[in-house]
Student: 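One structure, as structure tokens, below. Some questions next.
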Amino acid sequence: MTAAAVIDRRVEAGVTIELVQRGEAFDVLVNGRRVMRSDARRAEKQLVELALAPLGQRDDITVVLAGLGMGFTLRALVDAPGVKRVDVVEASPAVVEWAARHFAGLNGDALKDPRVTLHATDLAAFLKSLRTRAIAPPPGDG
């Protein structure tokens, strides 16, 4: 069994968030409970396929992804046909930093895809900014 090492620990909004490395794998813990594992991927690709299925063969799909996590769902989105833009909304500064430093290799550098825009804010603030048009719409919209 591989020993686990805490790579980073922070307190954000009164919540302790930790990044733990086990060999090549990473875990994210919130208040001591594991909420993400890099080696126990679930069904990100199937989730994206199911979510986009009603849009058929469109080639102008814009998606808001609430939460970056380890970037596996983002990778599935940028790999999906027809996706033109993905706005990723992530409130945790730790997760944003870990994405660049530790998770990029796991998700094929999904954040570097030119169709992706990362918004380091909470979802409510992001949605409010959309309503007030503080965030630019995709080219060709509005």
Student: Let me see the working for L29 and V6 under side chain to side chain contact (heavy atoms under 4.5 Å, CB included), right down to the final yes or no.
Tutor: CA-CA 10 Å; L29 286 71; V6 176; over 6 Å; no
Student: State the NZ-CG distance between K45 and D79, to the nearest 0.5 angstrom.
Tutor: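 It is 8.5 Å, given to the nearest 0.5 Å.
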Student: Is the shortest distance from a Lys or Arg side-chain nitrogen in D39 or R22 to a carboxylate oxygen in the other one below 4.0 Å?
Tutor: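 Looking at D39 and R22, the cut-off is met.
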Student: Any link between I7 and W98 through a network of hydrophobic side chains (Ile, Leu, Val, Met, Phe, Trp, Tyr) touching at under 4.5 Å?
Tutor: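 Result: yes, single cluster for both.
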Student: State whether the side chain of R34 and the backbone N or O of D27 hold a donor-acceptor pair below 3.5 Å, judged by distance alone.
Tutor: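 Looks like no, no N/O pair under 3.5 Å.
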Student: Identify the two heavy atoms, one from A25 and one from S38, that lie closest to each other, and give their separation to 0.1 Å.
Tutor: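 Result for this residue pair: CA-OG, 3.3 Å.
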Student: Looking at side-chain heavy atoms only, is the closest gap between V86 and R115 below 4.5 Å?
Tutor: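 Of all side-chain heavy-atom pairs linking R115 with V86, none is under 4.5 Å.
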Student: Return yes if some donor-acceptor pair links the side-chain N/O of E90 with the main-chain N/O of V95 below 3.5 Å, else return no.
Tutor: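 Such a contact is absent between E90 side chain and V95 backbone.
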Student: Quick check: is L47 connected to V116 through a chain of hydrophobic side chains (ILVMFWY, heavy atoms under 4.5 Å apart)?
Tutor: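 The answer is no; the residues belong to distinct hydrophobic clusters.
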Student: Do V89 and T121 come close enough that some side-chain heavy atom pair is under 4.5 Å?
Tutor: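 A side-chain contact under 4.5 Å exists here.
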Student: Within the supplied structure, the quantity of interest is the number of heavy atoms (other residues, nucleotides, ligands) at a distance under 6.0 Å from R101 CZ; does it exceed 12?
Tutor: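 Open.
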Student: Which word best sums up how the rings of F26 and F103 line up, parallel for under 30°, tilted for 30 to 60°, or perpendicular for over 60°?
Tutor: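 Plane angle over 60°, so perpendicular.
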Student: Could you pull out the closest heavy-atom pair between T73 and E44, with the gap in Å?
Tutor: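 Of all heavy-atom pairs spanning T73 and E44, the closest is OG1-CG, 3.4 Å.
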Student: Applying the 4.5 Å side-chain criterion to the ILVMFWY set and letting contacts propagate, would L65 and V78 be lumped into a single cluster?
Tutor: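 The answer is yes; both residues are in one hydrophobic cluster.
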Student: List the residues meeting side-chain hydrogen bond (donor to acceptor under 3.5 Å, both in side chains) with N31, not counting sequence neighbours, and say none if there are none.
Tutor: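 side-chain hydrogen bond (donor to acceptor under 3.5 Å, both in side chains) list for N31, sorted by chain: empty.
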Student: Below 4.5 Å, heavy atoms only, C-beta onward: do L74 and L68 meet side chain to side chain?
Tutor: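 Result yes, sub-4.5 Å side-chain heavy-atom pair found.
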Student: What are the two closest non-hydrogen atoms of E12 and S92, and how far apart are they?
Tutor: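 Closest pair (atom of E12, atom of S92, distance): OE1-OG, 2.7 Å.
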Student: Is there a path of hydrophobic side-chain contacts, each under 4.5 Å between heavy atoms of I/L/V/M/F/W/Y residues, joining L77 to L118?
Tutor: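 Yes; tracing contacts between hydrophobic side chains, which count when under 4.5 Å, links both residues.
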Student: Among the clusters formed by ILVMFWY side chains lying less than 4.5 Å apart, do V35 and V15 turn up in the same one?
Tutor: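 Hydrophobic grouping puts V35 with V15.
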Student: Specify the closest pair of heavy atoms between A66 and L123, including all atoms of both residues, with the distance to one decimal.
Tutor: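 In terms of heavy atoms, the two residues are closest at CB-CD2, 3.9 Å.
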Student: As a quick check of understanding, evaluate side chain to side chain contact (heavy atoms under 4.5 Å, CB included) for D87 and V63, giving each step before the final call.
Tutor: CA-CA 6 Å; D87 287 289; V63 178; over 6 Å; no
Student: Can you check whether A51's main-chain N or O pairs, donor with acceptor, with E49's side chain at less than 3.5 Å?
Tutor: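 Checked: no pair found.
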Student: When you measure from the side chain of N107 to the backbone N and O of M70, does any donor-acceptor pair fall under 3.5 Å?
Tutor: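 Answer holds: yes.
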Student: Considering all heavy atoms of both residues, which atom of A110 and which atom of G71 are nearest to each other, and what is their separation?
Tutor: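 Scanning both residues, the minimum pair turns out to be CB-O, 4.4 Å.
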Student: Restricting to non-hydrogen atoms, name the atom on E97 and the atom on D8 that form the minimum distance, rounded to 0.1 Å.
Tutor: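 Looks like OE2-OD2, 4.5 Å.
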